[in-house]
There are 2 protein chains.
Amino acid sequence: MSNELTIGRVAKGTGCNVQTIRYYEQIGLLPLPRRSEGNQRLYDDSAVQKLSFIRHARELGFPLQAIRDLISLADRPDKSCEAADAIAREQLEDIGKRLQRLQALRSELERMVEQCKGGRIADCRVIETLGDHSLCETDDHVLPKVRP
Amino acid sequence: MSNELTIGRVAKGTGCNVQTIRYYEQIGLLPLPRRSEGNQRLYDDSAVQKLSFIRHARELGFPLQAIRDLISLADRPDKSCEAADAIAREQLEDIGKRLQRLQALRSELERMVEQCKGGRIADCRVIETLGDHSLCETDDHVLPKVRP
DNA sequence: ATACAGTCTACAGTAACTATAGGTTCAAGG
DNA sequence: CCTTGAACCTATAGTTACTGTAGACTGTAT
Ligand SMILES: [Zn+2]
Ligand SMILES: [Zn+2]
Ligand SMILES: [Zn+2]
Ligand SMILES: [Zn+2]
């Protein structure tokens, strides 16, 4: 009952797909697993757990580099968790920024879509607005224009 | 007053950067511009306008393929704008989905960060939660686990 | 005339996978 | 025991939308 799984089982169990697992191994995020006589990967519980950690963090939007850092922190249980918390706060902040931006985009797009009453392209409010940002209500989504 | 600009000027005027403009040309999104005697690109107003259109649509999150489609629609002013509106609605829908997801992520991350009172990694709530999704409040961010 | 900013091409790199080709291994059914 | 087919293997290329680099050339200002 050493509980070793093939890559496909691990994939199903974690919701990762097979190539992704191999990819994580390749970039050094997952340790090299034991191989069967026929050279197939065999994973034990600890590998599955690590992959679940990675997967969960990815689902929460952490970039792989942050996950790498979190893993190496997780391997030092006695140290302070300050650095780990900082990574999470950073991720939170990043998500906050993206949310704000998306909210601005959504309202602008809503306005665009709503204003077009259908008809010919020549009169389409969508096309027109895309061609001219000054028809937009906010400046959120355009970088400042600098006159040369 | 033929109003021709070098690539750098166009870049400044549109907020695009120079390589991006060359990239758009390369993938056929922008037409080949006239060249100076010394082989440097020279853009007229219509090119600048097209690039502004592209840039604006990108800022609103449209993928390049959608922009390609919008441009080819914009070139047929007499046709119905139904297709253009559909592209915009699709983009709006996509943004809505991303917003929902990000909102879920944010609340989960907030909870995580908030619960950790600092201390050793061994007791860190951030690390612990990442290792075990069942500590999460919602299932939004994890694919259904299928038992093999 | 010389300096220096701007431009040119071509290519490599980024994030995080996903897909493909062409071959090998494993488990089950006949 | 043999065959079939799913699952696995490696290696490589493709995806999106750029960004960065190297090494050479052009254009302009003093
Ligand atoms: Zn319309
Ligand atoms: Zn706008
Ligand atoms: Zn902590
Ligand atoms: Zn979770």
Side-chain angles (χ1 to χ4, degrees), chain A residues 4-30 32-43 47 51 53-71 90-91 94-95 98 101 105 141 143 146 148, chain B residues 4-30 32-43 47 51 53-71 91 94-95 98 101 141 143 146 148:
Chain A
E4 279 183 320
L5 301 173
T6 61
I7 197 169
R9 303 269 175 169
V10 173
K12 261 186 191 140
T14 56
C16 242
N17 83 32
V18 169
Q19 296 105 294
T20 305
I21 299 176
R22 291 199 279 247
Y23 168 70
Y24 287 161
E25 175 185 319
Q26 192 195 309
I27 63 170
L29 202 55
L30 279 178
L32 300 173
R34 196 172 90 74
R35 297 290 185 121
S36 73
E37 272 188 40
N39 198 35
Q40 301 194 350
R41 290 168 179 82
L42 292 174
Y43 294 93
L51 181 55
F53 182 98
I54 294 168
R55 173 86 175 144
H56 195 199
R58 283 294 298 137
E59 292 284 345
L60 288 163
F62 287 87
L64 290 183
Q65 184 53 57
I67 296 174
R68 222 184 266 277
D69 296 344
L70 285 168
I71 286 175
E90 205 174 296
Q91 170 65 7
D94 185 63
I95 286 187
R98 279 151 68 191
R101 179 173 158 80
L105 299 197
H141 58 285
L143 304 181
V146 184
Chain B
E4 279 182 319
L5 302 174
T6 62
I7 197 169
R9 303 266 176 174
V10 173
K12 260 184 192 141
T14 58
C16 243
N17 82 32
V18 168
Q19 296 104 293
T20 305
I21 299 175
R22 291 198 279 247
Y23 169 71
Y24 288 160
E25 175 185 318
Q26 191 195 310
I27 63 171
L29 202 55
L30 279 178
L32 300 174
R34 195 171 89 76
R35 298 289 185 123
S36 74
E37 273 188 38
N39 198 35
Q40 303 195 348
R41 290 169 179 82
L42 292 174
Y43 294 93
L51 181 55
F53 182 98
I54 295 169
R55 173 89 175 140
H56 194 198
R58 284 294 298 138
E59 291 284 346
L60 288 163
F62 287 86
L64 290 182
Q65 184 54 55
I67 296 173
R68 222 183 266 278
D69 296 345
L70 286 168
I71 286 175
Q91 171 64 6
D94 185 62
I95 286 187
R98 280 150 68 191
R101 181 175 157 78
H141 58 285
L143 305 180
V146 184

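Per the geometry, CZ belonging to A:R35 stands 8 Å off C1' belonging to D:dC9, to the nearest Å. For the pair B:R68 CZ and D:dT16 C1', the interatomic distance rounds to 12 Å; values are reported in whole Å. A:R9 has its CZ atom 15 Å from the C1' atom of C:dT25, to the nearest Å. Atom CD of A:Q19 is separated from atom C1' of C:dA21 by 13 Å (rounded to the nearest Å). Taking atom CG of A:L5 as the reference point, atom P of D:dA7 lies 15 Å away to the nearest angstrom. One can place CD of A:E4 at 13 Å from P of C:dC26, the figure rounded to the nearest angstrom. Rounding to whole angstrom units, CZ of residue A:R41 and P of D:dC9 are separated by 5 Å. Between the CG atom of A:L42 and the C1' atom of C:dC26 there is a distance of 12 Å, given to the nearest Å.
Remark: B:N39 is not in phosphate contact with C:dT7, judged by side-chain N or O atoms under 4.0 Å from OP1 or OP2. Between A:T6 and D:dC8, a side-chain N or O to OP1/OP2 separation shorter than 4.0 Å is present. Between B:Y24 and D:dA17, a side-chain N or O to OP1/OP2 separation shorter than 4.0 Å is absent. At C:dA15, none of the side-chain N or O atoms of A:Y23 fall inside 4.0 Å of OP1 or OP2 (strictly under the cut-off). Of the side-chain N and O atoms in A:S36, one or more sit less than 4.0 angstrom from OP1 or OP2 of C:dC26. For C:dT18, one of the phosphate oxygens OP1 or OP2 lies less than 4.0 angstrom from a side-chain nitrogen or oxygen of A:T20.
Listed here is the closest heavy atom pair of A:R22 and A:I7: CG-CD1, 3.5 Å. When every heavy atom of B:A11 is checked against every heavy atom of B:V18, the shortest pair comes out as CB-CG2, 3.8 Å.
Considering only the side chain of A:R58, C:dA16 comes nearest among C:dA16, D:dT19, D:dA17.
Taking the side chain as every heavy atom from C-beta outward, B:L64 and B:Y23 approach each other to under 4.5 Å. For the pair B:I54 and B:I71, the minimum side-chain heavy-atom distance is below 4.5 Å. Residues A:R68 and A:Q65 have side chains in contact (heavy-atom distance under 4.5 Å, counting atoms from C-beta outward).
Each of A:E37 and A:R22 was matched to the nucleotide of DNA chain C holding its nearest heavy atom; the match closer to the 5' end belongs to A:R22. Between B:N17 and A:I7, the residue anchored closer to the 5' end of DNA chain D is A:I7, taking for each the nucleotide with the nearest heavy atom. Heavy-atom nearest nucleotides on DNA chain C were determined for B:V18 and for B:Q26, and the one closer to the 5' end corresponds to B:V18.
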